[in-house]
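Letters A, B, ... are given to chains in the order of the sequence lines, protein chains preceding strands, and every chain is numbered from 1.
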Amino acid sequence: MPRRVRRSGLMMPINNPRFVNNSWRRNCDSLDFDLEDSVPQSQKEYARSLVKQVIPIGLMGGADVSVRINTATPEADIAASAWPGMGRIAHPKTESAQRIREVDALITKYERLRGIRVGAIEVTAMIESALGVSNGYDIASASPRVKAFGGGGGYDMSLDMGVDMFVGFNQFVYSAGECELVARALGKEFSISVHMTDTSGSVSDAEATYLRAVANRKAGGRSGGGLHPNVVEPSNRGLTPPPEEVDQARRVLSAYEEVQRRGDAEGELNGQVIDAYEAARAAELIDWSRLCAEKDAFKEQKRREAEGLQPQPTAR
Amino acid sequence: MKERVRRSWLIVPAHKTDLVSQASATKADVVVLDLEDTVHDTRKAEARQKMREAIQLIRNSGSEVFVRCDPDFLYADLESSVYRGLTGVLLPRITSVEQVQDAEHTLAEFEAQRGVRKPPPVGEILEVDEARTIENSLELHLSLDTGRGNWDAPKLIQASPRVRSVSLGRADLTMDLRPEPEGDLHLMPYLMQRLILVANATGVQPIGAWWQSASRGLVDTPQNTYHAAATGRKAGFKGALCMRANQVEALNRGFTPSSEDLSQAQAILHAFATAQARGLSRAVDHRQFIDQGIAGAASRLLDLAVACQATDQAKLHPIEGA
């Protein structure tokens with residue numbers, strides 16, 4: 001399966017037409033429409049009725065489209081969401097493998113009914129509680145639709161654990177570490193978020209987002225998300241390797257070829273160790289850079305096509 | 001079983017005679033002769049051929065000898081390595097119980113065939129007619145450098161009684177863990193603490209150091225190595241792997257209790273003994289209550305210091321051919 005490029009995401013209430021109708025112009029890699037916490041209880045039914053028409057709006061800008069469902073109403077939410085074009089269904093506050101098996105079965109049912117290739121819709125099992133972390137391995141193993149796994153940090157986790165969110169140390173070393181290890185043990189993709197002291201909690205700070213995205217990329221992270229349009233561009237930019245790093249990666253690769261030719265396992269380039277690991281890292285960076293460029297070109301093309309078509313707003 | 005002092009584990013490519021000879025002069029507690037990662041495929045045969053001689057050279061210099069095998073060439077690697085003088089086998093990239101058991105069986109086979117026993121601590125003499133027990137059988141060291149290996153650490157360690165120590169090996173490279181802004185390598189604090197917990201729960205030695213930022217792959221400067229060792233010792237590690245001869249001294253020093261630690265431990269024991277003489281169950285000094293537990297820890301620290309010193313002493317007069 002080809003690697004997805006999901007450097008930026010934008011989560012928005014699906015019942016807000018101003019957000020939704022402009023979402024495709026945001027240059028996001030992923031658009032995440034919410035049926036859960038940002039939608040008031042009285043509007044849940046209405047929110048569900050929007051999903052089918054919102055999917056093509058999201059796709060207009062070349063983004064992947066996902067929806068976040070409610071733990072209380074998986075049946076109704078999945079019936080409303082499993083339509084062609086839907087990339088991913090996110091189940092929040094996941095605490096059991098059984099729940100993910102149920103979600104999988106429901107999606108399969110609608111994929112069959114609606115002419116979608118079975119297995120096409122991915123599932124994100126969001127881990128946001130102590131119980132979720134404890135059952136992480138079983139949850140991640142519960143369905144092949146769970147392609148990426150992680151969590152055990154963030155706002156809901158801090159609420160569940162009764163710890164402060166904005167402190168000067170990494171309070172999620174264990175919980176987030178365990179979720180990442182589960183993903184690695186099962187050979188699934190994972191996203192990382194490095195610890196950076198953040199006492200403001202701002203969701204719209206472009207500069208802080210860029211610095212965090214760069215730090216994540218340097219620590220091996222490849223994906224990001226967000227809640228505010230301001231953070232999309234800095235997420236994209238921060239997670240894309242700059243040209244000088246790609247050039248350096250090419251030099252590492254040719255240095256390694258030279259080391260190999262000599263029948264050695266290890267060499268040096270300007271004080272840097274050159275070996276199979278460095279070569280693998282360099283090759284990954286070059287590959288990632290190419291995928292980012294492809295995603296950018298795809299989004300650009302989709303946006304141009306869409307602008308030529310003058311889309312009609314569909315959600316009120 | 002009394003744990004041997006193994007503060008420094010220096011990995012050297014087995015085919016590089018100059019590096020092996022350099023390693024023999026480093027006073028490393030353990031030298032790991034490598035047949036895996038640092039040996040290019042085209043040099044593996046040469047490395048295996050040199051193994052028997054290299055084992056003797058290192059053992060005679062007063063270090064314990066391990067060999068790091070390539071799991072893909074386990075039989076050939078063990079066949080060339082299970083000779084008198086070898087203490088154990090370091091297994092990287094272990095992800096299944098079958099791999100550990102396979103290694104154990106092959107190892108046992110060559111051991112029996114060739115009458116090889118694990119050598120006693122450096123400086124002591126091996127009795128030739130000693131009966132075979134688990135204590136004098138060659139050891140296994142697991143390097144858990146993958147996600148799968150770490151997740152299954154408890155059952156992998158318990159797959160064989162020969163497993164006596166465990167490390168993350170080159171997890172930072174194998175799992176591509178890179179520095180975070182605040183210094184630690186991504187995921188490593190979790191992995192290190194988990195490993196230390198699992199090792200203590202299963203009764204094996206946790207080997208590792210608290211490597212940070214630029215330390216990439218066990219090749220850091222002596223100064224950073226010392227810092228990683230000293231921090232690692234406080235976190236629960238007993239010794240660490242390294243790949244450069246100039247790191248050995250830093251590891252030995254970092255994993256040996258400092259003179260400050262020792263005088264503090266002596267003061268604690270003194271205060272506790274005084275309190276006991278007065279019929280009290282605990283003493284109070286300016287910083288803490290000193291009870292049985294605190295005194296026990298102080299006493300173990302002094303034991304460790306004595307054992308470190310004995311190990312260093314023994315290396316000065318290794319027994320020829322031991």
Side-chain heavy atoms of A/Tyr277 within contact of B/Asp37, under 4.5 Å
yes
Using a 4.5 Å cut-off on heavy atoms from C-beta on, say whether the side chain of B/Arg148 contacts that of A/Arg184.
no
For the residue pair B/Asp176 and A/Glu284, establish whether any side-chain heavy-atom pair is separated by less than 4.5 Å.
no
If you count heavy atoms of other groups shown closer than 6.0 angstrom to NZ of A/Lys218, is the number above 12?
no
Parallel, tilted or perpendicular: ring planes of B/Trp151 versus A/Tyr137, cut at 30 and 60 degrees:
parallel
Between B/Glu180 (side chain only) and A/Ala219 (backbone N and O only), is there a donor and an acceptor less than 3.5 Å apart?
no
Check A/Met196 against B/Glu182 and note the closest heavy-atom contact, atom names and distance.
CA-OE2, 3.7 Å
Does A/Glu266 come within less than 4.0 Å of B/Arg244, counting only side-chain N to carboxylate O?
yes
Here the pair of heavy atoms bringing A/Ala265 nearest to B/Val39 is CB-N, 4.0 Å
Looking at B/Arg52, I'd like to know if its CZ atom is crowded, meaning that more than 12 non-hydrogen atoms belonging to other residues, nucleotides or ligands lie closer than 6.0 Å.
no
Let's go through B/Lys16 and A/Asp264 carefully: what are the C-alpha distance in whole Å and the side-chain angles of both, what is the deciding distance for salt bridge (Lys or Arg N to Asp or Glu O under 4.0 Å) to 0.1 Å, and is it a yes or a no?
CA-CA 11 Å; B/Lys16 297 211 167 164; A/Asp264 267 336; 3.2 Å; yes
So which of B/Leu187, B/Leu191, B/Thr42 has the largest heavy-atom pair count under 4.5 angstrom toward chain A?
B/Leu187
Any side-chain heavy atom of B/His186 sitting closer than 4.5 Å to one from A/Glu180?
yes
